[in-house]
Amino acid sequence: MSYWLFKSEPDTFGIDDLKARGKKGEPWDGVRNYQARNMLRDDVKKGDLIFFYHSNTKVPGIVGVAEVIKDAFPDPTQFDPEAKYYDPKSSQDNPRWFCPQVRFKSKFKSTISLDELKQIPALQDMALVRKGNRLSVMPVSEDQWHFIMGMVQE
DNA sequence: GCCAACGTTGGC
DNA sequence: GCCAACGTTGGC
């Protein structure tokens, strides 16, 4: 099993939105970056756990945990001319973008802020805390996962 | 809202 | 294949 961190803007789709989807979860669609795509398509697997990260908000940080309930499949929004994430260069025969299905697992009592994470020496290898990083999907090591879970308030 | 960082596009 | 122009991300 692997661990991940997925970013999302709470104004667009936050952890409460995922919670509201209930058991069936939500396709993690709209990712349009090749590095992130490759991870979603090749490495993110059913059963993996995800830190849900809120970006572009007052206090950016990890707000809870989600789980992958289905391996990635072609992202339907790339084929829909009406969709924000429509990609005219993609085709049904040769889809370019993929999304796994994810489901809400838990929400932390308080956000583990980016600011806090940056101050922890054990987490300096995380892409998240490195300057200029814009990846919206990134791997989290088992050690990092457990360390961060240890910061969660009861 | 600003802007640094970085990815993508397209002319050559 | 280079690289300038442009677009997007995301912290602040």
Close residues, residues 32-40 of chain A, relative to DNA chain C [heavy-atom separation under 4.0 Å]: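 Heavy-atom contacts with DNA chain C come from no residue of residues 32-40 of chain A; none.
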
Polar atom pairs between nucleotides 10-12 of chain C and protein, under 3.5 Å, N or O only, would you list them?
{"from": "dG10(C)", "atom 1": "OP1", "to": "K7(A)", "atom 2": "NZ", "distance (Å)": "3.1"}
{"from": "dG10(C)", "atom 1": "OP1", "to": "R134(A)", "atom 2": "O", "distance (Å)": "2.9"}
{"from": "dG10(C)", "atom 1": "N7", "to": "N56(A)", "atom 2": "ND2", "distance (Å)": "3.3"}
{"from": "dG11(C)", "atom 1": "OP1", "to": "Y53(A)", "atom 2": "OH", "distance (Å)": "2.6"}
{"from": "dG11(C)", "atom 1": "OP2", "to": "N56(A)", "atom 2": "N", "distance (Å)": "3.0"}
{"from": "dC12(C)", "atom 1": "OP1", "to": "K118(A)", "atom 2": "NZ", "distance (Å)": "3.0"}

Rounded to the Å, how far apart are K84(A) NZ and dG7(C) C1'?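 About 13 Å, once rounded to whole Å.
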
Distance check needed: dT8(C) C1' versus D87(A) CG, whole Å only.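 Answer to the nearest Å: 15 Å.
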
Student check: side-chain heavy atoms of I62(A) and I148(A) closer than 4.5 Å: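 Contact flag for I62(A)/I148(A) side chains = yes.
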
Side-chain donor-acceptor distances from residues 64-77 of chain A under 3.5 Å, at least two apart:
{"from": "E67(A)", "atom 1": "OE2", "to": "R103(A)", "atom 2": "NE", "distance (Å)": "3.4"}
{"from": "E67(A)", "atom 1": "OE2", "to": "R103(A)", "atom 2": "NH2", "distance (Å)": "3.4"}
{"from": "D71(A)", "atom 1": "OD1", "to": "K46(A)", "atom 2": "N", "distance (Å)": "2.7"}
{"from": "D75(A)", "atom 1": "OD1", "to": "T77(A)", "atom 2": "N", "distance (Å)": "2.9"}
{"from": "D75(A)", "atom 1": "OD1", "to": "T77(A)", "atom 2": "OG1", "distance (Å)": "2.7"}
{"from": "D75(A)", "atom 1": "OD2", "to": "G30(A)", "atom 2": "N", "distance (Å)": "2.8"}
{"from": "D75(A)", "atom 1": "OD2", "to": "R32(A)", "atom 2": "NH1", "distance (Å)": "3.0"}
{"from": "D75(A)", "atom 1": "OD2", "to": "R32(A)", "atom 2": "NH2", "distance (Å)": "3.4"}
{"from": "D75(A)", "atom 1": "OD2", "to": "T77(A)", "atom 2": "OG1", "distance (Å)": "3.3"}
{"from": "T77(A)", "atom 1": "OG1", "to": "R32(A)", "atom 2": "NH2", "distance (Å)": "3.0"}

Partners meeting salt bridge (charged side-chain N to carboxylate O under 4.0 Å, His left out) with [X] (sequence neighbours left out):
{"X": "D87(A)", "value": "R96(A)"}
{"X": "R130(A)", "value": "none"}
{"X": "D17(A)", "value": "none"}

Give me each pair satisfying ring-ring contact (aromatic ring centres under 6.0 Å, His included) with a member in residues 85-124 of chain A, each pair once, sequence neighbours excluded.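 Checked against ring-ring contact (aromatic ring centres under 6.0 Å, His included) - neighbours excluded - the pairs reaching residues 85-124 of chain A are Y34(A)-W97(A).
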
Listed partners of D125(A) passing side-chain contact (heavy atoms from CB on, under 4.5 Å), at least two apart: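 Q144(A).
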
Compile the donor-acceptor pairs under 3.5 Å between side chains in residues 7-15 of chain A and protein atoms, sequence neighbours left out, one pair per line.
{"from": "K7(A)", "atom 1": "NZ", "to": "L135(A)", "atom 2": "O", "distance (Å)": "3.2"}
{"from": "S8(A)", "atom 1": "OG", "to": "F13(A)", "atom 2": "O", "distance (Å)": "2.5"}
{"from": "E9(A)", "atom 1": "OE2", "to": "N56(A)", "atom 2": "ND2", "distance (Å)": "3.2"}

